[in-house]
Participant: 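Have a look at this one.
Per chain, numbering begins at 1; letters A, B, ... match sequence-line order. Everything numeric here is computed off the predicted structure, so don't read it as measured data.
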Number of protein chains: 2
Amino acid sequence: MLFMSLSHAILTALLDEDLTGYALAKQFDVSLGFFWQASHQQIYRELKVLHQAGRVDVREVLQHDKPDKRIYSLTPQGRQMLESWITESTRPRGTKDELFIKLYNVGSVPVELIVKAVKQRQAEHAGKLELYQKIEARNYARPSSLSDRKKGIYLSLLAGIRQEQTALSWCDDALDLLATVKS
Amino acid sequence: MLFMSLSHAILTALLDEDLTGYALAKQFDVSLGFFWQASHQQIYRELKVLHQAGRVDVREVLQHDKPDKRIYSLTPQGRQMLESWITESTRPRGTKDELFIKLYNVGSVPVELIVKAVKQRQAEHAGKLELYQKIEARNYARPSSLSDRKKGIYLSLLAGIRQEQTALSWCDDALDLLATVKS
DNA sequence: TTCGTCATGTAAGACGTTACATGATTAG
DNA sequence: CTAATCATGTAACGTCTTACATGACGAA
């Protein structure tokens, strides 16, 4: 039984509050999920395994109006597992980005197609940047006066913001250079 | 049978020259592989499928001193497939980065562990940046006078360089802020 | 009445990683 | 003698994605 990043992401999300699989999936769509996405199927499966391994506890809550819930919480072993995972070195996981494959096709396919792909990407980056900056303004206006816990989360957000800004300015330059391509 | 990014990365690599599976795997370790890694096993499997689907041709070359080769080349259908893939919109594939999960643990585990992880990352980014800049200096000194084909490749490299620079400066800021964390 | 939210799951298939396996040649 | 390079693959396992499935409530 091998625990990979997803397990640790789940345990991390449980540091703050006890959550159902469903609520975890929601969390992954926003906060933590900006940097590690997971579908509800993955999460349910992983929770089952983590439970069998004693890394999380469950308490079942029966509801009459809605489906019953299974609320998960960290066990001491779960905490321990997180800490030792953090100690392990993170091996670099390479970038995988289709856009760059497309760029390698400049000169072999009509440039407009590639320009279109870059523009699409530009719009995505702009959207994400806007979202991140909204969150920053709302919750992280004064970084130095944040709680320790929030400082870590803020740093992730900051990385996201910088990445999007860099990507956006790259898009501008890319479109400029692609404009000089004939085909 | 579904063709995903890897197939298209392979076809793209075959635009320039006909290659063996082995040579493709080597290519993926450098150039294109900065943005899309693949192991030789994946490549061999994918080549088999692409061949069955008529997207690549093979010619077998018997060698006496070394093992025999199977040299793959693009077919017109392969080219067609590439072009229509480029036309399709690229759906955003989310970032997945363990480091950010680790950052979410600030406040719950000793900071030193996280500082260590950031420093490790810093070193990796520095290494990649150096490599990319070496390649830039050697092959892409004057971007505007490049061939169309090379302009696309250069833009990928440029994106890599900018990403690494951004990441490096983020590491500096992260280490500064983490220094203000008590636990 | 149709769509979205809450809440859980199964199953199939695609994709990725690690290990194993072969076998000759060349460089240290 | 050992390791690396050339060159191909299989097998086992792990992870991720997509589709399917159920069922009640509330809002438009």
Participant: When all nucleic acid strands are considered with a 4.0 Å heavy-atom cut-off, which category describes B/Ser39: base, sugar-phosphate, or nothing?
Facilitator: base
Participant: Nearest whole Å is fine: how far is C/dG23 C1' from B/Lys69 NZ?
Facilitator: 17 Å
Participant: So, taking the atom named CG in B/Leu47 and the one named OH in B/Tyr44, what distance separates them when rounded to the nearest 0.5 Å?
Facilitator: 8.5 Å
Participant: Can you tell me the distance, in whole Å, between the CD1 atom of B/Ile43 and the P atom of C/dT17?
Facilitator: 11 Å
Participant: From CD1 of B/Ile10 over to P of C/dG16, roughly how many Å is that when rounded to an integer?
Facilitator: 10 Å
Participant: Rounded to the nearest 0.5 Å, what separates atom CD in B/Gln163 from atom OG1 in A/Thr166?
Facilitator: 8.0 Å
Participant: Figure out the CD/P separation between A/Gln42 and C/dA12, and round it to whole Å.
Facilitator: 19 Å
Participant: What is the distance, rounded to the nearest whole Å, between atom CG of A/Leu6 and atom C1' of C/dG16?
Facilitator: 16 Å
Participant: Looking only at side-chain atoms of A/Lys48, point me to the closest of C/dC6, D/dA7, C/dT10.
Facilitator: C/dT10
Participant: Same cluster for B/Leu19 and B/Val49 if Ile/Leu/Val/Met/Phe/Trp/Tyr side chains link at under 4.5 Å?
Facilitator: yes
Participant: Distance check needed: C/dA7 P versus A/Leu19 CG, whole Å only.
Facilitator: 11 Å
Participant: Return the nearest nucleotide to the side chain of B/Tyr22; candidates are D/dT8, D/dG14, C/dT8.
Facilitator: D/dT8
Participant: Applying a 4.0 Å non-hydrogen cut-off, can you work out what A/Gln41 is touching in the nucleic acid: base, sugar-phosphate, or nothing?
Facilitator: base
Participant: Does B/Lys96 or B/Arg70 map to a spot on DNA chain D nearer the 5' end, using the closest nucleotide for each?
Facilitator: B/Arg70
Participant: Determine, stepwise, if the pair A/Thr75 / A/Asp57 fulfils side chain to side chain donor-acceptor pair (under 3.5 Å).
Facilitator: CA-CA 6 Å; A/Thr75 61; A/Asp57 268 345; 6.0 Å; no
Participant: Kindly indicate, with the supporting measurements, whether the criterion side chain to side chain donor-acceptor pair (under 3.5 Å) is fulfilled by A/Gln122 and A/Asp172.
Facilitator: CA-CA 8 Å; A/Gln122 195 177 33; A/Asp172 290 337; 3.0 Å; yes
Participant: Would you mind reading off the distance between B/Asp68 atom CG and D/dG9 atom C1', rounded to a whole angstrom?
Facilitator: 14 Å
Participant: OP1 or OP2 of C/dC6 less than 4.0 angstrom from a side-chain nitrogen or oxygen of A/Thr20, does that happen here?
Facilitator: no
Participant: Tell me the interatomic distance from A/Trp36, atom CH2, to D/dC16, atom C1', rounded to whole angstroms.
Facilitator: 11 Å
Participant: Give one of base, sugar-phosphate or nothing for A/Arg45, where a contact means two heavy atoms less than 4.0 Å apart.
Facilitator: base
Participant: Verify the contact: side-chain N or O of B/Tyr44 to OP1 or OP2 of D/dT8, cut-off strictly under 4.0 Å; return yes or no.
Facilitator: yes
Participant: Is A/Gln63 near enough to C/dA7 that one of its side-chain N or O atoms lies under 4.0 angstrom from OP1 or OP2?
Facilitator: yes
